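Only this structure's heavy atoms are used, side chains among them; waters, hydrogens and symmetry mates stay out. For clarity, every value in this text was computed on a predicted model and none was experimentally measured.
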Amino acid sequence: MTALAKLTTIRVGGEPKQLYFADTKDELIQFSKKVWQESENYLILGCGSNVVACDDMSSYQVVLIETKGIEVIGNRVKVQAGEIWGSFVDTANANGWAGIESLAGIPGTVGASPIQNIGAYGQEVSSVIRSVEFLDQELGEVIVLDNEFCEFGYRDSVFKRGRKGVVLTVEFEFGQADPEQLKAKSEEVIAQRRAKGMVLDRADHDTWSCGSFFMNPVVSESFARTLPLDAPQWEVADQVKLSAAWLIEQAGIPKGFSLPGSNASISSKHALAITNRGGATATEVVELARYIQETVANRFGITLVPEPNLVGFN
Ligand SMILES: Cc1cc2nc3c(=O)[nH]c(=O)nc-3n(C[C@H](O)[C@H](O)[C@H](O)COP(=O)(O)OP(=O)(O)OC[C@H]3O[C@@H](n4cnc5c(N)ncnc54)[C@H](O)[C@@H]3O)c2cc1C
């Protein structure tokens, strides 16, 4: 059986009890219903770029989404969940479909993109999603959720807040722009991402990660005023977003840091990424994450919230 270490970008996690490959939408529906029925211990998996699976996954059933297809319907584009996000950005750019060019270089599948409303360099996928076709676990049926019902927020959606199920397809509505300009923007973004170890590269351990491990915390204006004057801050509605990377470094945890004897370490290029230096266990990854949380909480009174889905941990 293939271990989760082989199916996730941070390369940790044990062998599951069962692994189902869903190549068609019908299979995805069938396998998802099956694993939901049989146990609480299941995982719906795309490219595994936002998942830390525990070392003992032997009670888990995993459904791997490999459905493919891109369909143009009038001014909309309907995409199967298993399409690879980066390739879809290339297709969008080539067709002059504007709105996701700055999201180039983000690993993962199209189906996972609404889950945490992927975002980077000033763009969020929610701005071009028209609707999501969703197998709702509670209802046991396929429904279509228009954008407003997805309740998108910063790295957030209704799917992260308890609406269980599986995204089958995503329907996009794009603006139009010059394909060459879109491509140039994507290339510029990828170059910036690569410098931070945020483009997957088998040979570079700094990219054996889940990307950013913590979300940038959003606090009240009055709390933000208690922080040092040089703390980076952005206003969002009547609150303030802080830089998690800045908080970590100012709490005294430098890039490249690891706990004694551990194979998990902070990226040498980016303070927000926890990486696997080779042979790390999921336990080591989570121990480092806890250490960072405690250190930042002690220094600033802020509890950093992990961005990836931690599977099988208490
Ligand atoms: C190097 C690197 C850089 C990154 N940079 C960014 C970035 O800039 N911005 C950003 O937002 N994210 C970033 N990420 C995080 C990650 O790429 C995204 O969250 C991506 O959308 C995850 O896709 P995936 O297919 O790998 O999802 P997985 O990791 O397989 O799954 C993630 C979660 O979504 C659920 N899920 C997956 N597919 C479905 C589906 N079809 N239906 C229901 N649930 C599903 C899973 O159960 C799991 O809870 C980065 C990750 C890495 C490794």
For [X] and [Y], which heavy atoms make the closest approach, and how far apart are they?
X	Y	value
G197	T207	O-CG2, 3.4 Å
D23	E27	N-OE1, 2.8 Å
N147	I129	ND2-O, 2.7 Å
V62	P16	CG2-CB, 3.7 Å
V199	R193	CG2-CB, 3.6 Å
C47	I84	SG-CD1, 3.6 Å

Once you round to the nearest 0.5 Å, how far does [atom1] of [X] lie from [atom2] of [Y]?
X	Y	atom1	atom2	result
C150	K160	SG	NZ	14.5 Å
N50	I118	CG	CD1	10.0 Å
D26	F31	CG	CZ	10.5 Å
S265	E284	OG	CD	11.0 Å
W36	I44	CH2	CD1	5.5 Å
L310	C210	CG	SG	8.0 Å

Please examine the side chains of [Y] and [X], heavy atoms only from C-beta on, and report whether any two atoms are closer than 4.5 Å.
X	Y	result
V12	T281	no
R11	K6	no
F159	F134	yes
F213	S267	no
V77	F88	yes
L64	E66	yes
V166	L168	yes
E171	E133	no

Does [Y] offer a backbone N or O that forms a donor-acceptor pair with the side chain of [X] under 3.5 Å?
X	Y	answer
S157	I115	yes
T8	L4	yes
N117	R155	no
Q37	K34	no
D55	A282	yes
D136	G140	no
D56	S58	yes
T67	T24	no
Q250	I248	no
N309	V52	no

Open item on the list: Before you tell me yes or no, could you show the steps for Y121 and K185 under side chain to side chain contact (heavy atoms under 4.5 Å, CB included), namely the whole-Å CA-CA distance, both residues' side-chain angles and the distance that decides it to 0.1 Å?
Closed with: CA-CA 10 Å; Y121 297 92; K185 180 66 193 168; 5.6 Å; no

Are [Y] and [X] linked, directly or through intermediate hydrophobic residues, by side-chain heavy-atom contacts shorter than 4.5 Å (ILVMFWY only)?
X	Y	value
L247	L288	yes
I274	Y291	yes
I73	V110	no
V51	Y42	no
I292	L227	yes

TODO: Apply the test side chain to side chain donor-acceptor pair (under 3.5 Å) to residues Y60 and E15: give CA-CA distance (whole Å), side-chain angles for both, the deciding distance (0.1 Å), then the verdict.
DONE: CA-CA 9 Å; Y60 273 77; E15 286 186 13; over 6 Å; no

Open item on the list: Once you measure the plane-to-plane angle for F174 and F172, does it fall in the parallel (<30°), tilted (30-60°) or perpendicular (>60°) bin?
Closed with: parallel

Open item on the list: Testing the 3.5 Å rule here: is there a donor-acceptor pair between the side chains of N41 and S59?
Closed with: yes

Open item on the list: When you compare the side chains of Y154 and Q116, does any donor N or O come within less than 3.5 Å of an acceptor on the partner?
Closed with: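 Their side chains do not contain a donor-acceptor pair, so the 3.5 Å distance test is not met.
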
TODO: Give the C-alpha distance, both sets of side-chain angles, the deciding distance and a yes or no for side chain to side chain contact (heavy atoms under 4.5 Å, CB included) between M215 and L304.
DONE: CA-CA 7 Å; M215 292 194 270; L304 294 178; over 6 Å; no

In terms of side-chain geometry, is the basic nitrogen of [X] or [Y] positioned less than 4.0 Å from the acidic oxygen of its partner?
X	Y	result
R290	E287	no
E173	R76	no
K183	E101	no
D156	R161	yes

TODO: Using the side chain to side chain contact (heavy atoms under 4.5 Å, CB included) rule, take I10 and T275 through it: C-alpha gap first, then chi angles, then the decisive distance, then the call.
DONE: CA-CA 7 Å; I10 196 164; T275 64; over 6 Å; no

Task: Neighbour count above 12 (heavy atom, 6.0 Å) for F149 CZ - done: no

Open item on the list: Walk me through whether F152 and S127 qualify under side chain to side chain contact (heavy atoms under 4.5 Å, CB included).
Closed with: CA-CA 9 Å; F152 289 119; S127 69; over 6 Å; no

TODO: Decide side chain to side chain donor-acceptor pair (under 3.5 Å) for Q61 and E38; before the verdict, give the C-alpha distance in whole Å, the side-chain angles of both, and the deciding distance to 0.1 Å.
DONE: CA-CA 9 Å; Q61 302 203 77; E38 289 178 2; 2.9 Å; yes

Task: Audit row: E138, R163, salt bridge (Lys or Arg N to Asp or Glu O under 4.0 Å) steps and yes/no - done: CA-CA 8 Å; E138 208 168 299; R163 182 126 200 190; over 6 Å; no

Listing, residues 175-182 side-chain donor-acceptor contacts under 3.5 Å, not counting sequence neighbours, or none:
residue : atom : partner : partner atom : Å
D178    : OD1  : E180    : N            : 3.2

Open item on the list: Under the salt bridge (Lys or Arg N to Asp or Glu O under 4.0 Å) test against D206, which residue among R277, R194, K255 passes?
Closed with: R277

